[in-house]
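First the structure, in the form of structure tokens, and then the observations on it.
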Protein chains: 2
Amino acid sequence: MKLAEAKQQFISSWGAFGTHWGINRTMAQIHALLLISPDPMTQDDMMDELNISRGNTNMNIRELINWGLVDRVLLTGERKEFFTAEKDIWKVVKQIVKERKKRELEPMLQLLDRLEEVEGDKRDKEVKTFVDTVSSIKKLGKQADKTLDVMIRAEENWFVGNLLKLFK
Amino acid sequence: MKLAEAKQQFISSWGAFGTHWGINRTMAQIHALLLISPDPMTQDDMMDELNISRGNTNMNIRELINWGLVDRVLLTGERKEFFTAEKDIWKVVKQIVKERKKRELEPMLQLLDRLEEVEGDKRDKEVKTFVDTVSSIKKLGKQADKTLDVMIRAEENWFVGNLLKLFK
DNA sequence: TTGAATTTTCAAAAAATATTGAAAATATAT
DNA sequence: ATATATTTTCAATATTTTTTGAAAATTCAA
């Protein structure tokens, strides 16, 4: 397979992959493009490569910056802004986990705390099932939260050490 | 908070949560409803509770069955079909991980295998960056795949034992 | 300052996704 | 077998999400 074709496939699969994870196609594609680009790129470079509009490019770059996955780079003598993506995949994964934990898991756990305190008699099976379900989700969620904290703090690829420990 | 309100909040948050994870709102809401329901429910029960159409209900129940999260239950003397959700949250999580691994992670790893074999000279920095990126994603992905296998096979809540081991 | 280059915003349009509801298919009781 | 209840399908519709592109805002050099 030629490089050009391989790049196309990588970008388009990364985009499709992203949509299964609540990330929009373009955002994932821009990220993919920057991951495989040896040098920082401008908005215009990305527009050309991906055939997307200026507005779309701009909004998604900004979103990637919010996620901490892309950085603005200033090149001396260049008027335009350049962008680059973190290439260390372990750092990328940690950053995504960190953000999703903050945006999704933590608010969910807070909600479950409130819902657990529903009024009513636990001898009522409706109440019991509700409270039991909420409690068990909360319990698992809190444990997952802690495990992810450990993962986020890990300097090197956590899966390696993790596997060794688990097989011991 | 009253039970009725708590149920509503649980169902609606679970639905919103689902949409961040590539699951459609209704499917997540039906799942939530079944999780907190002490008894099996019929399609009509769900239509009434969630105010959704028969077709929508039917399609999403079937999808939940495909995911292995919901089961058809036959009650003696009842003409209608009843449905119930697995209540053990650890089993639910394992099932979701298992399915997503199969549907998303594994095909991605297969693609990366093919892309890694791109033609070209690694002294060309375009080629080098591409191959390096693909290889490092593949490496991490394969490790994650193995770790998830261990998790799926774990009988009891993996996070607990996992944390203990990690803190040792 | 002024003006050209560049970035950002956002209303409108397009595309993608989800939902409806009625007809068709299937299952079950008599 | 026939009638009735129930489930399934799917074209049409509605909703949500994404994308566009042109105008506004900003930046920066002269």
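Not measured: the values here are computed from a predicted model. Letters go in sequence order (proteins before strands), and every chain restarts at 1.
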Got a salt bridge between [X] and [Y], using NZ or NE/NH1/NH2 to carboxylate O under 4.0 Å?
X	Y	result
B/D44	B/R54	yes
B/D113	B/K142	yes
B/D132	A/K87	no
B/D149	B/K101	yes
B/E106	B/K102	no

Exercise. Out of D/dT8, C/dT7, C/dT9, which has the shortest distance to the side chain of B/Q43?
Worked result: D/dT8

Exercise. Of the candidate nucleotides D/dT7, C/dT6, C/dT8, which contains the atom at the shortest distance from the side chain of A/R72?
Worked result: C/dT8

Which whole-number value in Å describes the distance from [X] [atom1] to [N] [atom2]?
X	N	atom1	atom2	answer
B/E78	D/dT7	CD	P	11 Å
B/E63	C/dT19	CD	C1'	15 Å
B/L50	C/dT19	CG	C1'	13 Å
B/E81	C/dT26	CD	P	14 Å
A/M47	C/dT7	CE	P	10 Å
B/I61	D/dT9	CD1	P	13 Å
B/N66	D/dT8	CG	P	12 Å
A/F83	C/dT6	CZ	P	13 Å

Exercise. Stepwise, does the side chain to side chain contact (heavy atoms under 4.5 Å, CB included) test hold for A/T42 with A/F83?
Worked result: CA-CA 6 Å; A/T42 64; A/F83 300 91; 5.9 Å; no

Problem set entry | Co-members of the apolar cluster containing B/V73 [side chain, <4.5 Å] | B/L75, B/F82

Exercise. Going by atom types only, do B/Q43 and B/T57 share a side-chain donor-acceptor pair under 3.5 Å?
Worked result: no

Exercise. Between B/W21 and A/E104, do the side chains contain an N or O donor and an N or O acceptor separated by less than 3.5 Å?
Worked result: yes

Exercise. Does OP1 or OP2 of C/dT8 have a side-chain N or O of A/N58 closer than 4.0 Å?
Worked result: yes

Please list, for nucleotides 27-30 of chain D, all pairs of protein and nucleotide N/O atoms separated by less than 3.5 Å.
from   : atom 1 : to    : atom 2 : distance (Å)
D/dT27 : O2     : A/R79 : NH2    : 2.8

Dump every N/O contact between nucleotides 16-23 of chain D and the protein below 3.5 Å, one line per pair.
from   : atom 1 : to    : atom 2 : distance (Å)
D/dT19 : OP1    : A/T26 : OG1    : 2.7
D/dT19 : OP2    : A/T26 : OG1    : 2.8
D/dT19 : OP2    : A/N56 : OD1    : 3.4
D/dT19 : O5'    : A/N56 : ND2    : 3.4
D/dT20 : OP2    : A/S53 : N      : 2.7
D/dT20 : OP2    : A/S53 : OG     : 3.0
D/dT20 : OP2    : A/N56 : ND2    : 3.3

